[in-house]
K.L.:
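Would you mind keeping the following structure in view while I ask a few things?
Below, all heavy atoms of this structure are taken into account, side chains as well, without hydrogens, waters or symmetry copies.
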Amino acid sequence: MPEARPRWTMRLGRRLSEALLTLPSFAWLALFFLVPTLLVFVLAFRPADPFGGIGRGWTLATVRALADPQYLAIAWRTLWVSLASTALCMLLAVPTGYAVARASPRRRNLLLMLVIVPFWTSFLIRVFAWKTILHPEGFLKKALVLLGLADANASLLYNLGAVVLVTVYTFLPFAILPIYAAAEKFDYRLIEAARDLGARPFQAFRRVFLPGVRQGLVTAILVVFIPALGSYVVPDLVGGTESEMLGNKIAQRVFVDRNLPLAGGLSIVLILAVLTPLLAVLALQRQAAAPTAGGEP
């Protein structure tokens, strides 16, 4: 008993120290994330006021309004544009992160600087630059028409293709950096061993390198897919009326229609779309760690 008390006291002190360290962060998240999210959920079940406010009582009118085919089409468009942008970012970021990690130290620093150079310019300026590039009278359109690769009446702007293109450009650095961070720590002797055992280059890359940087891949997918779901500026500036996403509809309901409950309902859809991949990743990580934890003595 004399030996058990100090151990119990040390364990309790450690837990108290951890709780005190995490308390400021938890309070910050609760105040600026959890409470506003709960208020949005509550707002979705209140009636709209004719003067742009919130009426009294409770109603399911917002939930029934979300079943409108218009909102279902916008939700589907938001999902597939985000998935397509994420897939294209991954296709470009994986070989880029691999190449940067395998480069010599001097060349690696140069490549990393080129990756982060876009961050030196305002996000809005970069989007407006793409709007100029894709303009019907811009040099890119004229060059494609001159080469016979595009029709004179074709539009490079105000369509879903422009939205996906600018979204990929915007989030590509966020995909490259976590993949590079994981690839830098990877033991490339494993690839050499796989080649010695008869694996082809792409086979070794797919079956050895990609599983070895899985955490970086998951992080890259999340940091691209989740912001793309809530994208507002890119569809608003380079997309047309047929390229609206949930973020644009939420802004319209708040600032134009002044229908705050419906804006809250659309926000709930967006929140659930963001939380679903996060919860799925956490579940997969816990499932992957379960056999290891169970095998410990």
K.L.:
Do Trp76 and Tyr71 come within less than 4.5 Å of each other through their side chains, counting heavy atoms only?
P.N.:
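The answer is no, as the side chains (C-beta and beyond) never meet within the 4.5 Å cut-off.
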K.L.:
Any side-chain heavy-atom pair from Pro261 and Asn259 closer than 4.5 angstrom?
P.N.:
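Yes - at least one pair of side-chain heavy atoms lies under 4.5 Å apart.
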K.L.:
Decide whether Leu165 and Ile176 are clustered together by the hydrophobic rule: side chain heavy atoms of Ile, Leu, Val, Met, Phe, Trp, Tyr closer than 4.5 Å, transitively.
P.N.:
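Yes, one cluster joins them.
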K.L.:
Do NZ/NE/NH1/NH2 and the carboxylate oxygens of Arg108 and Glu184 come within less than 4.0 Å?
P.N.:
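Looking at Glu184 together with Arg108, the answer is yes, because their closest N to O distance falls below 4.0 Å.
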K.L.:
Side-chain donor-acceptor pairs under 3.5 Å in residues 38-49, sequence neighbours left out?
P.N.:
residue: Arg46; atom: NE; partner: Gly57; partner atom: O; Å: 2.8
residue: Arg46; atom: NH2; partner: Gly55; partner atom: O; Å: 3.1
residue: Asp49; atom: OD1; partner: Phe51; partner atom: N; Å: 2.8

K.L.:
Provide the closest heavy-atom pair for Gly265 versus Leu66 in the form atom of the first, atom of the second, distance.
P.N.:
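Heavy atoms only, the tightest pair is O-CD1, 3.8 Å.
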K.L.:
Could you go step by step and tell me if Phe119 and Phe174 meet the ring pair (Phe, Tyr, Trp, His ring centres under 6.0 Å) rule?
P.N.:
CA-CA 10 Å; Phe119 295 128; Phe174 295 100; 5.0 Å; yes
K.L.:
Distance check, rounded to the nearest 0.5 Å: Leu34 atom CG versus Leu29 atom CG?
P.N.:
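Taking CG in Leu34 and CG in Leu29, the distance rounds to 9.0 Å.
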K.L.:
What is the minimum heavy-atom distance between Ser243 and Gly239, and which atoms define it?
P.N.:
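Shortest heavy-atom contact: CB-CA, 3.7 Å.
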K.L.:
Once rounded to the nearest 0.5 Å, what's the spacing between atom CD1 of Ile54 and atom CZ of Arg258?
P.N.:
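Ile54 CD1 to Arg258 CZ: 9.5 Å, rounded to 0.5 Å.
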K.L.:
Do the side chain of Asn109 and the main chain of Arg106 share a donor and acceptor less than 3.5 angstrom apart?
P.N.:
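Checking the backbone N and O of Arg106 against the side chain of Asn109, no donor-acceptor pair under 3.5 Å is found.
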K.L.:
Would you check if the distance from the ring center of Phe186 to the ring center of Tyr180 is below 6.0 Å?
P.N.:
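No, the ring of Phe186 stays outside the 6.0 Å limit from the ring of Tyr180, centre to centre.
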K.L.:
What distance do Leu157 atom CG and Leu140 atom CG have between them, rounded to the nearest 0.5 Å?
P.N.:
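Nearest 0.5 Å value for the CG-CG distance: 11.0 Å.
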K.L.:
Determine whether Val224 and Leu210 fall in the same hydrophobic cluster, where Ile, Leu, Val, Met, Phe, Trp and Tyr are linked whenever their side-chain heavy atoms lie under 4.5 Å apart.
P.N.:
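No.
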K.L.:
Indicate the atoms forming the closest heavy-atom contact of Leu156 with Ala162, along with that distance.
P.N.:
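Taking Leu156 first and Ala162 second, the nearest heavy atoms are O-CB, 3.5 Å.
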K.L.:
Looking at every non-hydrogen atom in both residues, tell me the closest pair between Tyr169 and Pro118 and how far apart they are.
P.N.:
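Heavy atoms only, the tightest pair is OH-CB, 4.1 Å.
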K.L.:
Flag yes if Val218 and Val213 sit in one hydrophobic cluster, no otherwise; membership is Ile, Leu, Val, Met, Phe, Trp, Tyr, and two members link when side-chain heavy atoms are under 4.5 Å apart.
P.N.:
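No, no single cluster joins them.
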K.L.:
Okay, side chain of Arg195, backbone of Ala204: is any donor-acceptor separation there less than 3.5 Å?
P.N.:
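No: the side chain of Arg195 does not pair with the backbone of Ala204.
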K.L.:
In Å, rounded to the nearest 0.5 Å, how long is the span from CG of Leu229 to CD1 of Ile271?
P.N.:
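So the gap between those two atoms works out to 12.0 Å.
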K.L.:
Compile the donor-acceptor pairs under 3.5 Å between side chains in residues 275-284 and protein atoms, sequence neighbours left out, one pair per line.
P.N.:
residue: Thr276; atom: OG1; partner: Leu272; partner atom: O; Å: 2.6

K.L.:
Before you tell me yes or no, could you show the steps for Lys131 and Tyr158 under side-chain contact (heavy atoms from CB on, under 4.5 Å), namely the whole-Å CA-CA distance, both residues' side-chain angles and the distance that decides it to 0.1 Å?
P.N.:
CA-CA 9 Å; Lys131 191 172 182 178; Tyr158 305 125; 3.2 Å; yes
K.L.:
Which pairs pass ring pair (Phe, Tyr, Trp, His ring centres under 6.0 Å) with one or both residues in residues 217-272, sequence neighbours excluded?
P.N.:
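Pairs touching residues 217-272 that pass the test: none.
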K.L.:
Between Leu134 and Lys141, is any pair of side-chain heavy atoms under 4.5 Å apart?
P.N.:
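Side-chain contact under 4.5 Å: no.
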K.L.:
Mind checking side-chain hydrogen bond (donor to acceptor under 3.5 Å, both in side chains) for Arg189 and listing every partner two or more places apart, or none if nothing turns up?
P.N.:
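Asp187.
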K.L.:
Under 3.5 Å, side chain of Thr132 to main-chain N/O of Phe128, donor-acceptor pair present?
P.N.:
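Yes.
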K.L.:
Starting from Val115, can I reach Trp130 by hopping between I/L/V/M/F/W/Y residues whose side chains sit under 4.5 Å apart?
P.N.:
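In one cluster with Trp130: Val115, yes.
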K.L.:
Side-chain contact, heavy-atom cut-off 4.5 Å: Val100 with Leu112?
P.N.:
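Of all side-chain heavy-atom pairs linking Leu112 with Val100, at least one is under 4.5 Å.
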K.L.:
Nearest 0.5 angstrom please: Ser231 OG to Asn248 CG, how far?
P.N.:
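It is 7.5 Å, given to the nearest 0.5 Å.
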K.L.:
Scan the side chains in residues 142-154 for donor-acceptor partners under 3.5 Å anywhere in the protein, sequence neighbours excluded, and list what turns up.
P.N.:
residue: Asp151; atom: OD2; partner: Asn153; partner atom: N; Å: 2.8

K.L.:
Do Val269 and Trp80 belong to the same hydrophobic cluster, where Ile, Leu, Val, Met, Phe, Trp and Tyr are linked whenever their side-chain heavy atoms lie under 4.5 Å apart, directly or via other members?
P.N.:
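Per the 4.5 Å side-chain linkage, Val269 and Trp80 are co-clustered.
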K.L.:
Donor-acceptor pairs under 3.5 angstrom involving side-chain atoms of residues 85-98: please list them, not counting sequence neighbours.
P.N.:
residue: Ser85; atom: OG; partner: Val81; partner atom: O; Å: 2.8
residue: Thr86; atom: OG1; partner: Ser82; partner atom: O; Å: 2.7
residue: Thr96; atom: OG1; partner: Leu92; partner atom: O; Å: 2.6
residue: Tyr98; atom: OH; partner: Arg102; partner atom: NH1; Å: 3.2

K.L.:
The test is side-chain contact (heavy atoms from CB on, under 4.5 Å); show your working for Met245 and Val234 and say whether it passes.
P.N.:
CA-CA 10 Å; Met245 297 173 64; Val234 172; over 6 Å; no
K.L.:
Test side-chain contact (heavy atoms from CB on, under 4.5 Å) on Arg77 and Glu244 and set out the steps.
P.N.:
CA-CA 8 Å; Arg77 184 188 304 138; Glu244 288 182 323; 4.0 Å; yes
K.L.:
Give the C-alpha distance, both sets of side-chain angles, the deciding distance and a yes or no for side-chain contact (heavy atoms from CB on, under 4.5 Å) between Val233 and Thr170.
P.N.:
CA-CA 11 Å; Val233 174; Thr170 301; over 6 Å; no
K.L.:
Minimum heavy-atom separation for Ala220 to Ala175, with atom names?
P.N.:
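Scanning both residues, the minimum pair turns out to be CB-O, 3.6 Å.
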K.L.:
Could you check if a side-chain atom of Tyr188 sits within less than 4.5 angstrom of a side-chain atom of Phe209, using non-hydrogen atoms only?
P.N.:
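When only atoms from C-beta onward are counted, Phe209 and Tyr188 do touch, with a gap below 4.5 Å.
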K.L.:
Working to the nearest 0.5 angstrom, can you tell me the gap between Glu242 CD and Ile74 CD1?
P.N.:
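Nearest 0.5 Å value for the CD-CD1 distance: 9.5 Å.
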